[in-house]
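For reference, the structure is listed below as structure tokens.
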Amino acid sequence: MSDTNLLTVSDLTVHRGAAKILDRVNLSIAKGETLALVGESGAGKSTIATALMQLLDGAEVEGRAELQEAGDLLSLPARQMVKLRGRRLSMIFQDAGAALNPAYTVGRQLTTTLRRNLGLTRSAAHAKAIELFTSVGINDAEARLSAFPHQLSGGMQQRVMVAIALACNPDLLLADEPTSALDVTIQAQIIRLILSLTRERGASCIFVLHDLALASQSCDRIVVLYAGQVVESGPARDVLTHHRHPYTRQLESCVVEIGRHDLVAPEGTVPPHDQMPKGCRFATRCPRALDRCAGEAPPLTPANPAKDGALDHVFACWNPE
Ligand SMILES: Nc1ncnc2c1ncn2[C@@H]1O[C@H](COP(=O)(O)OP(=O)(O)OP(=O)(O)O)[C@@H](O)[C@H]1O
Ligand code: SF4
Ligand SMILES: [Mg+2]
């Protein structure tokens, strides 16, 4: 593992019964870096994030996920994970309304996090909560602390979630499509807010997103997933403008701009797990498929082996663009 990598995920594989939901996923994230996980519904993006948090239920998990100075997130005992969550890594879920507890005020939920993880007194936690609410753009922060989740708009609830997730200055934030449940006009604001706050704090961020254009506008690096496998990854600009995998091209042609919501999915659908091709999983939808594709899985290959550092941009395809 490189010294600069905060997290290195190696061969992360997740089974649910006979279905292989993730297949040998490798990725790493440097300190302060923003990484986008991109792919259509069912690709396994949330499964990666929840596996890293040890929050996956009913699944068999293999591989390693080394977090600097903590060890393997996939095999740490539950009591150590409890200590890490919030402090070293935290997660913002897609639906803030469901993630917040309806029975407690948002202020109580935030101050509980602060008191439990940082050991703050009641009054220090209250003062810090006001500061955090203000930093995520909640007006009249002190009054809002006594609101229950249902008294806030969806955008406001997501700001509360951002405040809770960043409350203890985690090294790594996992943001799982944090804006897809929101009104389009609020989406760009929340994404920019999360990125500016994580950058300000020097934290790293794994952003789960549906679309490539949004990822390239907001993140340093992109990992494209298809049916549980990494099909292409690299620096955001390379993956957007010099992509080699036909699936990445299809995602690229479904461009949406930040703040718009008219995503068009690539043609066709991902095969069910029991009908997945043995070789390239994209073979049933690929316009460039060759005879060998369905039977033989393509390995990840450097996009430009002659160029220094180009190993960083890799793709898995027998007949690349
Ligand atoms: N609790 C579960 N039980 C059974 N299968 C599941 C469960 N959660 C996820 N899956 C399956 O795992 C695969 C990956 O799901 P995942 O939620 O990680 O995809 P995703 O990329 O996050 O999709 P989306 O964009 O829709 O959120 C899908 O085939 C899904 O049906
Ligand atoms: S390996 Fe074959 S089927 Fe898979 S993406 Fe490449 S050309 Fe298409
Ligand atoms: Mg998901």
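Atoms within a ligand are numbered from 1 in the order they appear, just like the ligands themselves. Start at 1 with the first residue, then count along the sequence. What you see below is based on every heavy atom in this structure, not just the backbone, and it leaves out hydrogens, waters and symmetry mates.
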Inset, instruction - Decide, yes or no, whether a salt bridge links Arg244 with Glu232 under the criterion of side-chain N to carboxylate O below 4.0 Å. - result: no
Legend entry - Heteroatom test (N, O or S) for Gln94 near the Mg ion (ligand 3), limit 2.8 Å: no
Legend entry - Any protein heavy atom nearer than 4.0 Å to atom 31 (O) of ligand 1: no
Inset, instruction - Mark the output for Gly42 as yes if a heavy-atom distance to ligand 1 is under 4.0 Å, and as no if none is. - result: yes
Inset, instruction - Specify whether the nearest protein heavy atom to atom 14 (C) of ligand 1 is under 4.0 angstrom away. - result: yes
Inset, instruction - Could you walk me through whether Glu296 and Trp318 pass the side chain to side chain contact (heavy atoms under 4.5 Å, CB included) test, one step at a time? - result: CA-CA 9 Å; Glu296 210 179 330; Trp318 294 124; 3.8 Å; yes
Legend entry - ILVMFWY cluster, Val230 and Phe315 together (side-chain gap under 4.5 Å): no
Inset, instruction - Please work out whether any backbone atom (N, CA, C, O) or any side-chain heavy atom from C-beta onward of Lys45 is under 4.0 Å from ligand 1, and answer side chain, backbone, both or neither. - result: both
Legend entry - Distance from atom 27 (O) of ligand 1 to nearest protein heavy atom, with residue and atom: Glu177 OE2, 3.7 Å
Legend entry - Criterion side chain to side chain contact (heavy atoms under 4.5 Å, CB included) on Ile92 and Asp176, from CA distance to verdict: CA-CA 6 Å; Ile92 303 176; Asp176 187 1; over 6 Å; no
Inset, instruction - Check Leu67, Asp171, Leu173 against Leu89 for a side chain to side chain contact (heavy atoms under 4.5 Å, CB included) and give me the one that passes. - result: Leu67
Legend entry - N/O/S from Cys280 sitting under 2.8 Å away from atom 8 (Fe) of ligand 2: no
Inset, instruction - Could you pull out, from Cys293, Cys317, Pro298, the option with a heavy atom nearest to atom 2 (Fe) of ligand 2? - result: Cys293
Inset, instruction - Tell me which protein heavy atom sits closest to atom 10 (N) of ligand 1, plus the residue, atom name and distance to 0.1 Å. - result: Arg16 NE, 3.9 Å
Legend entry - Shortest heavy-atom approach to atom 24 (P) of ligand 1 - which of Pro272, Ser41, Ala227, Gly44: Ser41
Inset, instruction - Show the numbers, then the answer: is there a side chain to side chain contact (heavy atoms under 4.5 Å, CB included) between His313 and Asn304? - result: CA-CA 8 Å; His313 179 193; Asn304 186 354; over 6 Å; no
Legend entry - Atoms of ligand 2, numbered as shown, that sit under 4.0 Å from any heavy atom of Pro246: 5 (S)
Legend entry - Protein contact to atom 29 (O) of ligand 1 [nearest heavy atom, distance to 0.1 Å]: His273 NE2, 3.2 Å
Inset, instruction - Heavy atoms only: give me the nearest Ser28-Asn5 pair and the separation to one decimal. - result: CB-ND2, 3.5 Å
Inset, instruction - Give the numbers and elements of all ligand 1 atoms closer than 4.0 Å to a heavy atom of Ser46. - result: 17 (O), 18 (O), 20 (P), 22 (O), 27 (O)
Inset, instruction - Going by heavy-atom distance to atom 11 (C) of ligand 1, choose the closest among Asp176, Ile21, Thr47. - result: Ile21
